[in-house]
Novice: 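My questions all concern the structure below.
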Amino acid sequence: MKNIPTFIFDLDGVITNTEQYHYEAWKEISHELEYNLTKNKNEELKGVSRDKCLLKILNWAKIKISDEKFNYLLEKKNKIYLEKISKIDSSNIVNGIYDFITAAKKHDHSIALYSSSKNANYILNKLDLHSFFDAIVDGNSVKFSKPDPEGFSLAAKLTKSNPENCVVFEDSEAGIVAGNKINMTTVGVGNSKKLNVANRVFKEFKEIKFEDFQKC
Ligand code: BG6
Ligand code: MG
């Protein structure tokens with residue numbers, strides 16, 4: 001077991017700005033349900049699995065639908081989302097990510113990904129980042145998504161790290177809550193008011209310096 005931190009990255013909203021496309025796709029689905037999904041309400045969907053997002057929207061809209069319609073809407077949301085991300089490439093990597101990951105790898109830190117998305121591997125390939133990760137945990141690997149810590153525990157196990165030795169980078173409250181539950185160091189990227197449960201918060205990833213997180 002290494003005595004230096006393992007870094008666990010979220011994908012949507014941290015490594016790349018695909019979170020906006022999730023929002024746009026859910027907005028279209030919500031419109032079909034005659035529900036107006038606001039940007040503020042969408043914050044509660046960040047980090048949450050696809051089916052749990054739809055359950056939340058149905059709950060907010062106070063609507064009950066059949067299982068067939070539920071599955072149809074899940075598929076439709078994903079189709080809209082995949083269409084929106086079809087053209088992304090390495091130019092869509094957030095500023096500062098590449099430098100941080102390359103510096104961390106140079107200093108022998110393990111790098112893991114934990115994303116609630118079932119599209120994570122596909123996106124990492126499009127960004128040409130797949131090979132940088134020592135472990136990849138996605139929406140297909142876990143039973144319970146964020147705010148449950150299952151995925152973070154698995155990422156720690158796969159990189160042979162103690163959870164207390166892991167630093168998590170997250171843009172969602174659900175992800176920060178999950179990391180906190182198993183005593184990982186949580187770093188929020190985004191709005192400090194929304195992410196105030198994190199150990200530290202930065203407005204943008206480019207403000208984060210590898211040197212500040214090099215030691216446990
Ligand atoms: C998370 C996003 O990374 O993945 C959520 O923050 C999204 O907004 C979730 O709902 C599931 O994504 P997908 O690609 O499996 O529908
Ligand atoms: Mg995210």
Side-chain angles (χ1 to χ4, degrees), residues 7-30 37-60 70-86 88 92-94 96-97 112-127 129 133 136-152 154-155 167-180 184 186-192 194-195 197-198 201-205 208:
F7 298 113
I8 308 179
F9 289 80
D10 173 45
L11 177 66
D12 299 309
V14 172
I15 290 180
T16 183
N17 287 327
T18 37
E19 204 54 72
Q20 172 66 18
Y21 302 129
H22 280 295
Y23 171 53
E24 289 169 12
W26 280 129
K27 193 146 175 88
E28 276 189 56
I29 297 296
S30 297
L37 178 67
T38 62
K39 202 142 194 155
N40 199 34
K41 210 65 187 149
N42 183 66
E43 287 297 314
E44 293 176 46
L45 301 182
K46 287 186 178 174
V48 176
S49 64
R50 200 181 308 161
D51 54 339
K52 288 269 158 49
C53 285
L54 184 53
L55 282 174
K56 276 179 183 274
I57 292 169
L58 291 170
N59 194 27
W60 296 332
F70 189 87
N71 290 329
Y72 159 79
L73 290 176
L74 286 184
E75 260 177 52
K76 184 165 180 186
K77 186 269 170 176
N78 199 41
K79 226 172 132 204
I80 298 168
Y81 176 67
L82 288 177
E83 177 63 37
K84 287 179 186 290
I85 62 165
S86 63
I88 66 166
N92 295 90
I93 299 171
V94 160
I97 289 286
L113 183 106
Y114 171 35
S115 165
S116 301
S117 173
K118 293 185 172 167
N119 297 304
N121 277 289
Y122 171 69
I123 295 173
L124 283 179
N125 279 323
K126 280 178 91 59
L127 299 176
L129 280 181
F133 290 88
I136 293 172
V137 177
D138 70 5
N140 301 295
S141 339
V142 293
K143 194 160 175 224
F144 303 105
S145 93
K146 300 165 191 173
D148 190 281
E150 181 187 354
F152 284 124
L154 183 56
V167 178
V168 165
F169 296 110
E170 264 290 347
D171 70 319
S172 71
E173 191 188 352
I176 300 287
V177 169
N180 284 347
M184 291 183 166
T186 49
V187 181
V189 186
N191 185 326
S192 58
K194 296 214 156 56
L195 300 173
V197 283
V201 184
F202 295 84
K203 200 158 178 266
E204 291 184 273
F205 196 90
I208 302 176

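Each ligand, and each atom within it, is numbered from 1 in the order the structure gives. Each residue takes its place number in the sequence, starting with 1.
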Novice: Please determine whether any non-hydrogen atom of G47 lies less than 4.0 Å from an atom of ligand 1.
Specialist: yes
Novice: Looking only at side-chain N and O atoms, does D138 offer a donor or acceptor that is under 3.5 Å from a partner on N121?
Specialist: yes
Novice: Check for me whether C53 has a heavy atom closer than 4.0 Å to any atom of ligand 1.
Specialist: yes
Novice: Contact between K77 and ligand 1, counting heavy atoms under 4.0 Å?
Specialist: yes
Novice: Identify, for atom 8 (O) of ligand 1, the protein heavy atom at the shortest distance, and state residue, atom and that distance.
Specialist: E19 OE2, 3.0 Å
Novice: At what distance is the nearest protein heavy atom to atom 16 (O) of ligand 1, and which residue and atom is it?
Specialist: R50 NE, 2.7 Å
Novice: Within the 3.5 Å criterion, strictly below it, is a donor on K77 or H22 matched to an acceptor on the partner's side chain?
Specialist: yes
Novice: May I ask you to identify the nearest protein heavy atom to atom 3 (O) of ligand 1, giving residue, atom name and distance to one decimal place in Å?
Specialist: D12 OD2, 2.6 Å
Novice: With a cut-off of 6.0 Å (strictly less than), are more than 12 heavy atoms of other residues, nucleotides or ligands near OH of Y21?
Specialist: no
Novice: For ligand 1, which atoms have a heavy atom of S115 less than 4.0 angstrom away?
Specialist: 3 (O)
Novice: Judging by distance only, is a nitrogen or oxygen of S117 under 3.5 angstrom from one on ligand 1?
Specialist: yes
Novice: Could you please spell out the steps behind the side chain to side chain donor-acceptor pair (under 3.5 Å) verdict for S49 and D51?
Specialist: CA-CA 6 Å; S49 64; D51 54 339; 2.9 Å; yes
Novice: For K118, is at least one N or O under 3.5 Å away from an N or O on ligand 1?
Specialist: yes
Novice: Taking N or O atoms only and a 3.5 Å limit, does N119 qualify as a polar contact for ligand 1?
Specialist: yes
Novice: What atom name does the N, O or S atom of D171 nearest to the Mg ion (ligand 2) carry?
Specialist: OD1
Novice: Find all atoms of ligand 1 within a distance of less than 4.0 Å from any non-hydrogen atom belonging to L45, and give their numbers and elements.
Specialist: 5 (C), 8 (O)
Novice: Would you say the side chains of T16 and N92 form a donor-acceptor pair under 3.5 Å?
Specialist: no
Novice: Does K146 qualify as a cation-pi partner of Y114, given the criterion of NZ or CZ under 6.0 Å from the six-membered ring centre and within 45 degrees of its axis?
Specialist: yes
Novice: Return yes or no for this condition: an N or O of V48 is under 3.5 Å from an N or O of ligand 1.
Specialist: yes
Novice: Within the supplied structure, the quantity of interest is the number of heavy atoms (other residues, nucleotides, ligands) at a distance under 6.0 Å from E75 CD; does it exceed 12?
Specialist: no
Novice: When rounded to the nearest 0.5 angstrom, what is the spacing between CG in N180 and CD in E173?
Specialist: 10.0 Å
Novice: What do you reckon, is CD of Q20 surrounded by more than 12 foreign heavy atoms closer than 6.0 Å?
Specialist: yes
Novice: The Mg ion (ligand 2) as vertex, arms to OD2 of D10 and O of D12: angle to 10°?
Specialist: 90°
Novice: Within ligand 1, which atoms have a heavy atom of K46 less than 4.0 Å away?
Specialist: 6 (O)
Novice: Regarding D171 and N191, is there a side-chain donor-to-acceptor distance under 3.5 Å anywhere?
Specialist: no
Novice: Check the orientation of F9 and F169. Use parallel for under 30°, tilted for 30 to 60°, and perpendicular for over 60°.
Specialist: tilted
Novice: Return yes when L11 approaches ligand 1 closer than 4.0 angstrom through a heavy atom, no otherwise.
Specialist: no
Novice: Could you tell me whether N78 and ligand 1 have an N or O pair separated by under 3.5 Å?
Specialist: no
